[in-house]
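Beneath this line is the structure, given in structure tokens, with notes to follow.
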Amino acid sequence: RILRRIDLPLWPSFLAIMSGCGGHGHDHGHGHAHDHDHDADALEIGQAYSLYTKIDTHHVECLNEVEDDSGKTVFKPWDDRFDTAKYVESDADEELLLRIPFTGNVKLKGFVIIGGESESHPSRVRLYKNRPGMTFDDTSSSPDQSFDLQEDRTGTIQYTTM
């Protein structure tokens, strides 16, 4: 399966590898099951902690994208997170490598990914912190964090980082 489309409304991160689809359990990467309202959590956290204005969008780099510079367009203000007109599509295979520079020091607390249909929703994200010049050849090294993703077309699942 090939990653075809992805929207990243609130994805302030470091270097990230996104891989194609697959089925996964309901785990957010923070070690416990819970029964809270994802809509309320995502809205509260998204509005309060958005790093959108801290992303240096002019210098975002995306490797393996079909359309040049489309990776720069997927970072959106929280209120525009459901705008699907701007997305990034993978080229030859199911992986994208995004380098996301910031305008200053930031603390990444979490991220939300709104993907496309099941065939185009990413299944995994690997985060690499402060690794300039990274290429796909470098992705064999251990990431700082890795997340198995759930299909989420409404942006209600937040993945909490350490």
_Minimum heavy-atom distance Tyr159-Gln150, with the two atoms named_ = OH-N, 2.8 Å
*Which of these passes side-chain contact (heavy atoms from CB on, under 4.5 Å) with Leu96: Pro122, Ser70, Cys62?*
Cys62
*Less than 4.5 Å apart, any side-chain heavy atom of Asp93 and any of Asn64?*
yes
*Are side-chain heavy atoms of Arg124 and Phe147 found at a separation under 4.5 Å?*
no
*Measure the NZ-CG distance between Lys54 and Asn105 for me, rounded to the nearest 0.5 Å.*
10.5 Å
*Would you please name every residue forming a salt bridge (charged side-chain N to carboxylate O under 4.0 Å, His left out) with Asp138, sequence neighbours left out?*
none
*side chain to side chain donor-acceptor pair (under 3.5 Å) partners for Ser141, two or more places apart*: Arg131
*How long is the gap from CZ on Arg126 to CG on Asp148, to the nearest 0.5 Å?*
11.0 Å
*asked:* Set out, in order, the CA-CA distance, both residues' side-chain angles and the distance that settles side-chain contact (heavy atoms from CB on, under 4.5 Å) for Val60 and Phe75, then state yes or no.
replied: CA-CA 10 Å; Val60 168; Phe75 300 97; 3.9 Å; yes
*Would you indicate whether the side-chain heavy atoms of Glu95 and Phe136 approach each other to under 4.5 Å?*
yes
*asked:* Within the 4.5 Å heavy-atom criterion, are Phe102 and Asp56 side-chain neighbours or not?
replied: no
_Results of side chain to side chain donor-acceptor pair (under 3.5 Å) for Thr103 - residues two or more places apart only_ = none
*Go through the steps for Val125 and Leu149 under the test side-chain contact (heavy atoms from CB on, under 4.5 Å), then give the verdict.*
CA-CA 7 Å; Val125 168; Leu149 303 178; 3.5 Å; yes
*Is Glu65 reaching over with its side chain to a backbone N or O of Gly71, donor-acceptor style, under 3.5 angstrom?*
yes
*Drop me the distance from Lys76's NZ to Asp83's CG, to the nearest 0.5 angstrom.*
5.0 Å
*Calculate, to the nearest 0.5 Å, the distance between atoms NE2 and CD1 belonging to His121 and Ile114 respectively.*
8.5 Å
_Run the salt bridge (charged side-chain N to carboxylate O under 4.0 Å, His left out) test against Asp69 and tell me which residues pass, sequence neighbours left out._
Lys72
*Where do Thr135 and Leu63 come nearest, in terms of heavy atoms and distance?*
CA-CD1, 4.2 Å
*Asp144: side chain to side chain donor-acceptor pair (under 3.5 Å) partners, not counting sequence neighbours*: none
*Are any of the side-chain heavy atoms of Thr154 and Asp152 separated by less than 4.5 Å?*
yes
*Report yes if some heavy atom in the side chain of Thr160 is under 4.5 Å from a heavy atom in the side chain of Phe111; otherwise report no.*
no
*asked:* Is it the case that the side chains of Asp137 and Thr139 hold a donor-acceptor pair, with the cut-off being a distance below 3.5 Å and no angle test?
replied: no
*asked:* Nearest 0.5 Å, please: how far is CG in Leu108 from CE in Met162?
replied: 11.5 Å
*Asp80 CG to Tyr52 OH distance, which is reported to the nearest 0.5 Å*: 7.5 Å
_Measuring only between side-chain heavy atoms, which start at C-beta, is Ile157 closer than 4.5 Å to Val112?_
no
